[in-house]
Amino acid sequence: MPDILPEAPMSIDSGELVRWYAHAQRDLPWRRPGVSAWQILVSEFMLQQTPVARVEPIWLAWIDRWPTPSATAAAGSAEVLRAWGKLGYPRRAKRLHECAVVISAEHGDVVPSDVETLLTLPGIGAYTARAVACFAYGARVPVVDTNVRRVVARAVHGRADSAASVRDLDDVAALLPADATAPTFSAALMELGATVCTARAPRCGLCPLSRCQWRSSGYPAGTVVRRVQRYAGTDRQVRGKLLDVLRDNSSPVTRAQLDVAWLTDPAQRDRALDSLLVDGLVEQTADGRFALAGEGD
DNA sequence: TTCCCGTGCC
DNA sequence: GGCACCGGAA
């Protein structure tokens, strides 16, 4: 048997990764003991495409105010949208509220523990379902976010980056340790991607992995072309401006009050407002004014 | 594939 | 100004 098989995929030593995580992990509030499955679920919603630093204060205030699904469901959707503040992608707040309604009404106020059931809930996709099953219930399931995908692409496959693929789940499942440390391994994989094996300027000098195919291959450049997500001047920015006005007013506002939020392009403003109505984030009252969805409930 | 927020860093 | 940030859904 030869010493080196260049075609064989390199593995990740779960022991050294977990040992590194034990002392290098960030002290994030949703990782502390006593945090409920629902509160972990809330953190995962907020962390979708949003940096930890911006989530932390919102999450702390949120779980203090609405610690359970039923408490969240009992709050009006308008108050939930308001508490979401400027975290971004406010459809997540609406889905989180819907999620709370379903869990309190159909699951006895208990967050489901199996991936299949979690996937049926609003706003929960392939990543979040497994993150909740893993981090809240200790399930041995692959948790694949953009960080994990990048770490595995580098350490295992020797590529700088990787486009999302349906094979990612099996790919990462094969790396999971067989014992009960699987959730810690997944958390460590994500932490490594977030703090060391970063996308732009990886800090390889701090990497705990003794083996890395990307390093062995001389750090080849990436090939995945990422489309630029612009923000300034887009409908997304206009929607944000309109929601800003509605968050600040607990009673319905007139069309004129919304119009001043974006004077640059009236057609774009109308399109943005219409999309907010379609998304169910904004409602129109009988007299033609506008408010956050559920403001009157 | 595209759209959906908002901010901070390089 | 590009770019990344612990994705989901149509």
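We use all heavy atoms of the structure for the numbers below, so side chains are in, but hydrogens, waters and symmetry mates are not. Numbers restart at 1 for each chain; the letters A, B, ... are given by sequence-line order, proteins then strands.
- Counting to the nearest Å, the C1' atom of C/dA4 and the OH atom of A/Y231 are 16 Å from each other.
- Residue contacts for A/R26: at a heavy-atom cut-off of 4.0 Å it reaches a base atom on one of the strands shown.
- Separating the CD1 atom of A/I58 from the P atom of B/dG6 is a distance of 12 Å, rounded to the nearest angstrom.
- The neighbour count for A/R167 CZ, taken as heavy atoms of other residues, nucleotides or ligands under 6.0 Å away, does not exceed 12.
- In this structure, the CD atom of A/E98 is 10 Å from the P atom of C/dA9, given to the nearest Å.
- For A/M190 and C/dG7, the CE to P distance is 7 Å, given to the nearest whole Å.
- The stretch residues 80-91 of chain A touches DNA chain B through A/K86, A/L87, A/G88, A/Y89, A/P90, A/R91, each having a heavy atom under 4.0 angstrom from the strand.
- Looking at heavy-atom distances under 4.0 Å, A/L189 makes no contact with the nucleic acid at all.
- Among the heavy atoms of the strands lying under 4.0 Å from A/R230 are primed sugar atoms or P, OP1, OP2 only; no base atom is included.
- At the heavy-atom level, A/A126 lies under 4.0 Å from the strands shown only through sugar-phosphate atoms.
- In summary, A/D145 and A/R130 do not engage in a salt bridge, as defined by a charged side-chain N under 4.0 Å from a carboxylate O.
- Across B/dC4 and C/dC5, the matching C1' atoms stand 15 Å from one another, rounded to whole Å.
- Taking the charged nitrogens against the carboxylate oxygens, A/E16 and A/R211 have no contact shorter than 4.0 Å, which rules out a salt bridge.
- Residues A/K86 and A/D244 are paired through a salt bridge, judged by an N-O separation under 4.0 Å between the basic side chain and the carboxylate.
- The CG-P distance, from A/L281 to B/dG6, rounds to 11 Å in whole Å.
- In this structure, A/L276 places its CG atom 16 Å from P of B/dC3, rounding to the nearest Å.
- Within 4.0 Å of A/R31, counting heavy atoms only, lies at least one base atom of the nucleic acid.
- The residue A/D279 sits apart from the nucleic acid: no heavy atom pair falls under 4.0 Å.
- Partner of A/L189 under the side chain to side chain contact (heavy atoms under 4.5 Å, CB included) criterion, chosen from A/V143, A/N147, A/V18, A/I12: A/I12.
- Looking at which nucleotide of DNA chain C each of A/L28 and A/P122 is closest to, the 5′-most match is held by A/L28.
- Taking the P atom of each, B/dT7 and C/dG8 are spaced 23 Å apart, rounded to whole Å.
- One atom, CG of A/L277, and another, C1' of B/dC4, lie 16 Å apart when rounded to the nearest Å.
- Nearest to the side chain of A/R200, among C/dG8, B/dT7, B/dC10, sits B/dC10.
- Electrostatic pairing of A/R31 and A/E191 counts as a salt bridge here, judged by a charged N lying under 4.0 Å from a carboxylate O.
- A/W84 CH2 to A/M46 CE: the interatomic distance, rounded to the nearest 0.5 Å, is 5.0 Å.
- If you find the closest nucleotide of DNA chain C to A/A129 and to A/T50, the one lying nearer the 5' end belongs to A/T50.
- Within 4.0 Å (heavy atoms only), A/T234 reaches no atom of the nucleic acid at all.
- Phosphate contact (OP1/OP2 of C/dG7, side-chain N/O of A/Q48, threshold under 4.0 Å): absent.
- Residues A/E44 and A/Y127 bring a donor and an acceptor atom of their side chains to less than 3.5 Å of each other.
- In this entry the distance linking CZ of A/R54 with C1' of B/dC9 reads 13 Å, nearest Å.
- Note on A/R150: a side-chain N or O is less than 4.0 Å away from OP1 or OP2 of C/dC5.
- Between A/T128 and the phosphate of C/dG8, there is a side-chain N or O to OP1/OP2 separation shorter than 4.0 Å.
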